[in-house]
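Single-structure report; data block below.
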Amino acid sequence: NFTLRLLVEIHSAILIQRWYRQYVARREMRRRYTWHIFQSIEYSGEQAQIKLYNFLGYLMDNFTPSSNERNLISHIFRENEVCRDAEWERYFCYKNIEVPEIYSGPHLTFPLTVEEAVGLVEAFRNKKQQLHSRYVLQLLLETWKLLRMLPNINRISTCHSKEITICGDLHGQLEDLLLIFYKNGMPSLEKPYVFNGDFVDRGRDSIEILLILFAFLLVYPSNVYLNRGNHEDHIVNLRYGFTKEVLNKYKMHGKRILKLLQKIFSWLPLATVIDQKVLVLHGGISDSTDLGVLARADRHIVRNQHVMTKVVIFPLSLQYCFQNRSLQDFSDRIRVNMENQLELSRREEPTLNAQINKPENFKTLSSLPHQILDLLWSDPMTQDGCIPNEVRGGGCYWGPDVTEDFLNRHNLQLIIRSHECKQEGYEFCHNRKVLTLFSASNYYDVGSNRGAYVNSMTRELTVRQSVGRTERSALRVLREQLFAHKSDLLCAFRKFDSENTGLVSLNDWASAVESVMHLDLPWRMLRSQLVTCKNSEGTIDYYEWFNELHIDQSLLETLYRHRSTLETIFRIVDTDNSGFISMQDFRQTWKLLSVYLKMEITDEAISDLAITIDSNHDGSIDIDEFMEAFRLTDKKSRLERGRSMFMGTTSDLTKLEGDPNI
């Protein structure tokens, strides 16, 4: 009996162990595809942003200089104003802004004190009241003055503090910054910090994070270091929420605040070197990254100097987007354009001749644009080499051999970068010589990832929630994306359904979905989560499948697909950030949209549409009316949208009308 009982217990233990292993394996597999869904959709959104800028750049290159459409969008490719330092200070004068007696928020005096910086943190923690716009402008102005004195690459030592804390992306998530301060302590002489870019966008408290970081920077200029990220760019902010946040919170002086922030972003340092051994930067490197070149150049002039060709002065988010060129193609294009423009500048700007004529300065200027982009946008890869980062549209993918060569050339031991969300908040690669660090927890959704920071190379992790809800959220987002591409998917299914039965096999369903979505997801594995309308023969009724997606059918699919792009276009056209565009600007915008979205619409129809949607008859169009215009127009036009960023001629569109699949 004892032996039998022992055998039964052993057998039961084996079964339980086998079941648990299978459970863990299934859970890990679900965790991985959930993560893949979130990341694929995020990068797909970046591609949409890049596609829009490709299109706008195409217009800039091909419309005549006097074209109204060209003038409408040309302001995004240049500084709105070219001012000297004294003019900037007068433009952002805060002294005429009075703080009312009823204001109960933080009060600031300058030079700023430690108590005031800590008080700012506590005020934002308790959600008492936002900082008054007078203090915001004054704080930003003092920050700008300080940043202008800093080098491109900060070089710091921990010989006195014996430690340093490095934080990755925060993306407007104030709770994560406050939690880091709670666990690790606030910045001080004994506790220096490096914040590695992407402070803003996506989260709801971006301006509060900036104000806290700038306050501590002013109090401890030798103990707080800020690196620039790819989201410290006013064009990126138009799409990902920061511009909207500032205008909502500071309705009266929001425009001035945004303008000064635009200036501040261009002056943020690019990297930090710790103890001559550790390089901290936001994105990464390439096989041409040279810290010596980056350290000598004027980061502000490279981005904004008006003597440069327009390719060079594009916002950092745009410079690699045109024509999907390789890094070398684009570098050559910049070099040729700069040679022409610099030759012109020698005649027009004699005060700059001495600097421009120096060979070492020209080498620095001509190599800087792509090197700065590499620092902000690049990602590591497992294989050797260096290739263009076509997923993001900027920077590159670099391999372990590039890391090894770079570290050897600069006598460094480790690269700490951010830029990519990681499930554990951090990830080592390239033989543990590259560390990715991401501090915004729950970035995609509750439970999607942990946030991390590094203190003296010891990991401290912030853990939130579980994975279960994340999986459901990921599938919900994926269903929304599938519905948004309904027309494209129907065309793809019909290619496999030659007899028009409305049925396709599982393999054909998976192939069709991937051919449209380009998300590189395991569609066969996801089928059980996305499709329940499989019949007894194992085929899928794709018409019934769309009904199962549980998306509000009143939500127009094309509007849903292009909503972020449309909002970005509206904010680009709304040059004064008033929330309204004129009827004339609306007409010109629609001419651009009809090309970008491959829609046929006449000038007469545009004028009729403008009158129709101006529901309050105030002679201007707000964002809701703008969206309604697109919905109404798309309801009339079901011509399939091509994926090309370039023009579709009338003859091209006429050909589509004869296609039975459209």
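Owing to the predicted nature of the structure, the values given are computational and were not obtained by experimental measurement. For this chain, numbers begin at 1 and follow the sequence in order.
- For the pair L437 and I166, the tightest heavy-atom approach, listed with the atom from each and the gap, is CD2-O, 3.2 Å.
- E404 meets the salt bridge (Lys or Arg N to Asp or Glu O under 4.0 Å) test with K433; sequence neighbours excluded.
- Proximity of a side-chain donor or acceptor of D169 to a complementary backbone N or O of E420 within less than 3.5 Å is not detected.
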### Task
Please report the C-alpha distance between K249 and D205 in whole Å, then the side-chain angles of each, then the deciding distance to 0.1 Å, and finally whether the salt bridge (Lys or Arg N to Asp or Glu O under 4.0 Å) criterion is met.
CA-CA 10 Å; K249 291 180 177 178; D205 297 315; 3.7 Å; yes
### Task
Take L108 and F110 through the side-chain contact (heavy atoms from CB on, under 4.5 Å) test and state the conclusion after the steps.
CA-CA 7 Å; L108 303 182; F110 294 86; 4.0 Å; yes
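- In this structure a side-chain-to-backbone donor-acceptor pair under 3.5 Å is present from N152 to L294.
- Checked by atom type, the side-chain pair D176/S439 shows no donor-acceptor distance below 3.5 Å.
- Listed by chain and number, the residues in a ring-ring contact (aromatic ring centres under 6.0 Å, His included) with H410 are F406 (sequence neighbours excluded).
- Residues Q371 and D290 share a closest heavy-atom pair of OE1-N, 2.9 Å.
- When every heavy atom of A117 is checked against every heavy atom of V219, the shortest pair comes out as CB-CG2, 4.1 Å.
- For the pair Q262/L258, no side-chain contact is recorded, criterion being any heavy-atom separation below 4.5 Å from C-beta on.
- The two residues H419 and L376 have their closest heavy-atom pair at CE1-O, 3.5 Å.
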### F242/F199 under ring pair (Phe, Tyr, Trp, His ring centres under 6.0 Å): CA gap, chis, key distance, verdict
CA-CA 10 Å; F242 181 52; F199 318 121; over 10 Å; no
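- S441 and R450 form no side-chain donor-acceptor contact under 3.5 Å, judged by distance and modelled atom types alone.
- Looking at H132, Q138, H253, R256 one by one, the single match for side chain to side chain donor-acceptor pair (under 3.5 Å) with Y94 turns out to be Q138.
- Side-chain contact between W267 and L150 is absent, with no heavy atoms from C-beta onward closer than 4.5 Å.
- Between I212 and L177, the shortest heavy-atom distance links the atoms CG2-CD2, 4.1 Å.
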